[in-house]
Amino acid sequence: MTSQHRPPLLGRAVRHEWLLDPDFVSVNHGSFGATPRVVLETQREWQRRMESQPGRFFRAILPDALRHAAYRLASFVGADGKNLAFVDNATAGCNAVLHSLKLTPEDEVLALTHGYGAVRNAVRHVAAQAGARMTEAAVPFPRPDADAIVTAIATALTPRTRLAVIDHITSGSALVLPLERIVATCHAAGVPVLVDGAHGPGQVTLDLTALGADWYVGNCHKWLCAAKGCGFLWAAPQRQADLHPVTISHGYGSGFLAEFDWTGTRDCSAWLSVDTAIDFHARLGGEALRTRNVALAAEAAALVARRLNSEQGTQGAQAGAMGLVRLPLSRVVTPVRSEHVRARLLAAGTDAPTHVINGALWLRLSAHAYNAIEDYERLAEMAASVLRGEGL
Ligand SMILES: Cc1ncc(COP(=O)(O)O)c(C=O)c1O
């Protein structure tokens, strides 16, 4: 094998690329990502340019630079740059779509039981303001297959459903949902789809044009390792006319990009440095890295499940770069107990989110380039010790 074709070394060999504390077991990339030094450097350089001549920067440099970054990101996610605008994060992007709806009291907005809490709140709020209703599709769990997920969503659609809000990869339960089939099912029922893809970019390969959803919201600061505050909103061309940012500014009425590209004075350096994040992701393997992370998460979840004498929550095509393991507790599991277990893991030197799902407590682990199987051996030891302390 020539050095040109050798896959890049990962795990310990690349950990220095991040600022991660070597004494902490970092196995929770999924929550807030981790930004590598090289991206932070590019971000700082953009901030330096902004502050060296603010007036010139905002008027003469930013508009083109922003579009350049948006087009680069669009090509990474299989989209056309004119259909993609930056937003701060997935929460902001979902809010923009939800607040642009014109609901009536007869309408329903469908969300998933495993949907992200903040986005579910936004759905509930927008529905309540119009006197409409949020309805729910109950995601089967654990280890649902694609058929079971699609059936659950199809069953929850009604003639009143005006929108389905579908997570690409669920947060607490770490399920990669069969999006193509879900979009087709919703569209066949005449229901447009907002995809909450907070965990999509950089964890799975995206082709947004081919997917054909109505709106796709993504975070780049998670799996793509961009700087914090780098999210995007993709909108199908026919969905752009009625779409507005939550903050209305100068661009009002001048089109999707004019409205979203300027929502007031702000630091856009997280967006402008996204091309460095895309380059970095490619240098670490790109698609090969994404495949490797999924494989590592599977190996890690199997290891922790074995060590705890327990089971995994995801399987097959529904498993991504986050693994899920049930924490075997015999006593009643409540959200308060979940927080307690997470706090004890944190005190022990690691962070892994814990969620109550269908009455059981599940621990989520993440696998990214800087992780190696030893991280999960340590996680398993810590989890076992916390569980002993909990008296099971
Ligand atoms: C499915 C899902 N949606 C939305 C979010 C919110 O992301 P942000 O805080 O960047 O808006 C998350 C965060 O973990 C998530 O998992």
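Only this structure's heavy atoms are used, side chains among them; waters, hydrogens and symmetry mates stay out. The first residue of the sequence shown is numbered 1, and numbering continues consecutively from there. All ligand and atom numbering here is 1-based and tracks the order in the structure.
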Closest approach of any protein heavy atom to [atom], naming residue and atom:
atom	answer
atom 13 (C) of ligand 1	K222 NZ, 2.9 Å
atom 3 (N) of ligand 1	D196 OD2, 2.6 Å
atom 15 (C) of ligand 1	Y116 CD1, 3.3 Å
atom 11 (O) of ligand 1	T91 OG1, 2.6 Å

Is there a continuous path of hydrophobic side-chain contacts, each under 4.5 Å between heavy atoms, that joins V246 to Y116?
no

Kindly assign one of parallel, tilted or perpendicular to the pair H168 and Y216, based on the angle between their ring planes and the thresholds 30° and 60°.
perpendicular

What atoms of ligand 1 come closer than 4.0 angstrom to any heavy atom of A198?
2 (C), 3 (N), 4 (C), 5 (C), 12 (C), 15 (C)

Under 4.0 Å from any heavy atom of N89, which atoms of ligand 1 are there?
8 (P), 10 (O), 11 (O)

Can you tell me if H168 contacts ligand 1 (heavy atom of the residue under 4.0 Å from the ligand)?
no

Would you check if there is a donor-acceptor pair between the side chains of T104 and D107 at a distance under 3.5 Å?
yes

Is the shortest side-chain heavy-atom distance between L272 and M50 below 4.5 Å?
no

Between T170 and L175, is there a donor-acceptor pair closer than 3.5 Å when you use the side chain of the first and the backbone of the second?
yes

